[in-house]
> 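For reference, the structure I am asking about is given below.
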There are 2 protein chains.
Amino acid sequence: MTSLASPVTLAATASLIGDVARANILCALTGGRALSAGELAFHACVSAQTTSGHLAKLVDAGLIVGIKQGRHRYFRLAGPRVAEILETLMGAADLGPARHRPVGPRDEALRRARSCYDHMAGRFAVDLAELLEARGMVVLSDEGGSITDLGMAFFDRLGLALGEAAGRRRPPCRCCLDWSERRYHIGGRLGAALFAHAEGEAWVVRVKESRALRVTRKGEEAVAGGLFACVAVDAPVPRPEGIRTSA
Amino acid sequence: MTSLASPVTLAATASLIGDVARANILCALTGGRALSAGELAFHACVSAQTTSGHLAKLVDAGLIVGIKQGRHRYFRLAGPRVAEILETLMGAADLGPARHRPVGPRDEALRRARSCYDHMAGRFAVDLAELLEARGMVVLSDEGGSITDLGMAFFDRLGLALGEAAGRRRPPCRCCLDWSERRYHIGGRLGAALFAHAEGEAWVVRVKESRALRVTRKGEEAVAGGLFACVAVDAPVPRPEGIRTSA
DNA sequence: CCATCGCTTCGGCCTTCGTCGAAGCATCCG
DNA sequence: CGGATGCTTCGACGAAGGCCGAAGCGATGG
């Protein structure tokens, strides 16, 4: 019935990601935007023809999809599942003894705020998640998360489109372990809705040619206190000092 | 602060799993039991010295841990995180077009019921999960799962040790996409507790030298109807015909 | 104490696969 | 229609790494 997930197929998938050039390609696409083959070649630091071969393999494996537009061909991740796989594998990197810490300076922007396929990650997202949890909107744990009744009402008043999740009782939300913060951020449908809302309200703007997000002043203000001022909330406020945006 | 999860470390981790011999080793350890280097060499179908090299790399990366006992050295997965990574990667195998379906005969036992590090998988586990969801004990979705109040009370009466999960409000439970069934089974703390309970009550017994589990008659009976007869449940019974155990 | 067993290290063979140069198509523009 | 751009295919080179034979080391057991 289903293709057997044997060790050899596991190895095939893993070795596909296990090449530095392909890992660079996948990481570049984790930003969520579709990129052309040439741009991916630049990100992977290899020639165009080498990149072409890698892209063919990735498409063949179903990790990415490519659409042809004119003389360009744009690629994006095949879906949230793939992004999740990559994030999970990212988190596995710090399983071993923390030996090398090549903290580059250009990584600071990524640590602060970045897009993670369809949701946000980095300090900004982690702080937001912890604030929402402190306010009793969501429950987060290492096994997943869920939206409380209070949270459902709040997100509804905020205007978030949670889609079919609203129909389910106690809709869970995926919470990823942030690899740069080792704390949780919110993914899944809620994470995607939060990202869309934040982008629509210009709380964050995408930085060109990068996964990094720039947190605007409006975003800082909205999240630091105004996020909850825009709707009436009768929730307990156990941590009124707001969150750090570290701008 | 934290080791940077760059594309190169992603590739390093992935390529570690991307070798067939190492993938075999990891899959063998996914059964949950510690295995000696010799047994792992047998599973990986390579010589002892080659296996030794692979094990050193896996230990070095923090994916597995080894303890010395006499002249044997036993290895096990470093933790649930690793098992989760492997399961996630397993699920990625069916992303591409389903082309090869080498459904071996010996896989049938694994498809029926198997251990997955600390919880159960296969048809038995999937049916059990769906039954629990139909009874309103848990809520499952592609973004995670959560235990309902009804479920908390039920599992408590059943005698499951959910540990610290009981302290949390709406404790979530991890639900994995079963690679052999493409449906959900229950993992996380609840999954581990269910497995321990099922093993303690002799509903399932481990098959030697394999991840496979044999579902006993007692287990079939208990799950088919007696599981809910042993405790008083005032829940709606939308699907009273029970589950298939396909023994 | 010697034989056996289990695991590890060392050295060298060999396959695999990532890489780029050159050439071949497809597309767009002037 | 010709030149430029973007992507792909082909072929050969070369480094990386998995593999095993041989030998070494520690533990067990008679």
Side-chain angles (χ1 to χ4, degrees), chain A residues 6-29 33-76 96 100 209, chain B residues 6-29 33-61 63-76 96 209:
Chain A
S6 64
V8 302
T9 66
L10 168 65
T13 307
S15 67
L16 210 61
I17 310 175
D19 177 75
V20 180
R22 286 193 291 262
N24 274 306
I25 290 173
L26 291 171
C27 283
L29 290 177
R33 275 181 301 191
L35 298 174
S36 70
E39 292 171 312
L40 290 173
F42 173 78
H43 277 100
C45 301
V46 289
S47 69
Q49 56 270 33
T50 300
T51 304
S52 181
H54 287 317
L55 291 173
K57 284 176 184 159
L58 291 173
V59 168
D60 193 57
L63 291 179
I64 65 175
V65 290
I67 55 171
K68 201 173 168 72
Q69 264 186 23
R71 49 184 173 183
H72 295 269
R73 194 161 162 223
Y74 290 93
F75 297 88
R76 59 173 177 80
H100 43 59
E209 305 289 329
Chain B
S6 64
V8 302
T9 66
L10 168 66
T13 308
S15 68
L16 209 62
I17 311 175
D19 176 75
V20 180
R22 285 192 293 260
N24 273 306
I25 290 173
L26 291 171
C27 283
L29 291 177
R33 273 180 304 189
L35 298 175
S36 70
E39 291 171 314
L40 291 172
F42 174 78
H43 278 101
C45 301
V46 290
S47 68
Q49 57 269 34
T50 301
T51 304
S52 181
H54 287 317
L55 291 173
K57 284 175 183 160
L58 291 173
V59 168
D60 193 56
L63 291 179
I64 65 175
V65 291
I67 55 172
K68 201 171 168 70
Q69 265 186 24
R71 47 185 175 184
H72 296 269
R73 196 165 159 217
Y74 289 94
F75 296 88
R76 58 172 178 82
E209 304 289 330

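Every chain is numbered from 1, with letters handed out A, B, ... down the list of sequences. What you see below is based on every heavy atom in this structure, not just the backbone, and it leaves out hydrogens, waters and symmetry mates.
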> Determine the sole option in Leu58(A), Val59(A), Leu63(A), Ile25(A) for which the side-chain contact (heavy atoms from CB on, under 4.5 Å) test with Phe75(A) is passed.
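That would be Val59(A).
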> Give the rounded distance in Å between these two atoms: OH of Tyr74(A) and P of dT27(C).
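The distance from OH of Tyr74(A) to P of dT27(C) comes to 15 Å, rounded to the nearest Å.
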> Under 4.0 Å: is that the gap between some side-chain N or O of Ser52(A) and OP1 or OP2 of dC7(D)?
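For dC7(D), OP1/OP2 do not have a side-chain N/O of Ser52(A) under 4.0 Å.
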> Between Thr50(A) and dG18(C), is there a side-chain N or O to OP1/OP2 distance below 4.0 Å?
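No.
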> With a 3.5 Å distance limit and no angle check, can you tell me whether Arg22(B) reaches the backbone of Ser15(B) through a side-chain donor-acceptor pair?
yes
> For Asp19(A) and dA15(D), give me the distance from atom CG to atom P, rounded to whole Å.
17 Å
> Strictly distance-based, threshold 3.5 Å: is any side-chain N or O of Asn24(B) a donor or acceptor partner for the main-chain N or O of Val20(B)?
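Yes, Asn24(B) side chain to Val20(B) backbone: donor-acceptor pair under 3.5 Å.
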> Tell me what Ala21(A) touches on the nucleic acid: a base, only sugar-phosphate, or nothing, going by heavy atoms under 4.0 Å.
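Contact class for Ala21(A): sugar-phosphate only.
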> Within this structure, what is the CZ-to-C1' distance between Phe42(A) and dC7(D), rounded to whole angstrom?
18 Å
> Over how many whole Å does the gap from Asp60(A) atom CG to dT8(D) atom C1' extend?
15 Å
> Check whether any side-chain N or O of His72(A) sits under 4.0 Å from OP1 or OP2 of dA26(C), and answer yes or no.
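No, outside the criterion.
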> Taking atom C1' of dG6(C) as reference, at what distance in whole Å does atom CG of Leu55(B) sit?
13 Å
> Once rounded to the nearest 0.5 Å, what's the spacing between atom NZ of Lys68(A) and atom OG of Ser36(A)?
12.0 Å
> For Lys57(A) and dC7(D), give me the distance from atom NZ to atom P, rounded to whole Å.
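In whole Å, dC7(D) P and Lys57(A) NZ are 19 Å from each other.
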> Could you check how far CG of Leu40(B) sits from P of dT8(C), rounded to whole Å?
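From Leu40(B) CG to dT8(C) P: 10 Å.
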> Please tabulate, one pair per line, each protein N/O and nucleotide N/O from nucleotides 25-30 of chain D that are separated by under 3.5 Å, including the distance.
none

> So, does Thr13(B) use its side chain to make a donor-acceptor pair with the main chain of Thr9(B) at under 3.5 Å?
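Looks like yes, one N/O pair under 3.5 Å.
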> Is there a side chain to side chain contact (heavy atoms under 4.5 Å, CB included) between Ile17(B) and Ile17(A) once you walk through the steps?
CA-CA 10 Å; Ile17(B) 311 175; Ile17(A) 310 175; over 6 Å; no
> Using a 4.0 Å heavy-atom cut-off across all strands, classify Val46(A) as base, sugar-phosphate, or nothing.
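If one applies the 4.0 Å heavy-atom cut-off, Val46(A) turns out to touch the sugar-phosphate alone, with no base involved.
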> Output a table of nitrogen or oxygen pairs between the protein and nucleotides 21-25 of chain C separated by less than 3.5 Å.
| unit_1 | atom_1 | unit_2 | atom_2 | d |
| --- | --- | --- | --- | --- |
| dG21(C) | N7 | Gln49(A) | NE2 | 2.7 |

> To the nearest 0.5 Å, what is the distance between CG (Asp60(A)) and CG (Leu55(A))?
12.0 Å
> Measure the CG-CG distance between Leu26(B) and Leu16(B) for me, rounded to the nearest 0.5 Å.
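If we round to the nearest 0.5 Å, Leu26(B):CG and Leu16(B):CG are 7.5 Å apart.
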> Rounded to the nearest angstrom, tell me the gap between atom NE2 in His54(B) and atom P in dG17(D).
12 Å
> Using a heavy-atom cut-off of under 4.0 Å over every strand shown, decide if Thr51(A) touches base, sugar-phosphate, or nothing.
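Counting heavy atoms under 4.0 Å across all strands, no contact is made by Thr51(A).
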> With heavy atoms under 4.0 Å as the rule, sort Ala37(A) into base, sugar-phosphate or nothing.
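Sugar-phosphate contact only.
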> State, to 0.1 Å, how close Cys27(B) and Pro7(A) come at their nearest heavy-atom pair, and which atoms those are.
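So the minimum-distance heavy-atom pair works out to SG-CG, 3.7 Å.
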> Under 4.0 Å: is that the gap between some side-chain N or O of Arg73(A) and OP1 or OP2 of dT8(D)?
yes
> Can you measure from NE2 (His72(B)) to CD1 (Ile67(B)) and round to the nearest 0.5 angstrom?
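If I round to the nearest 0.5 Å, the distance is 12.5 Å.
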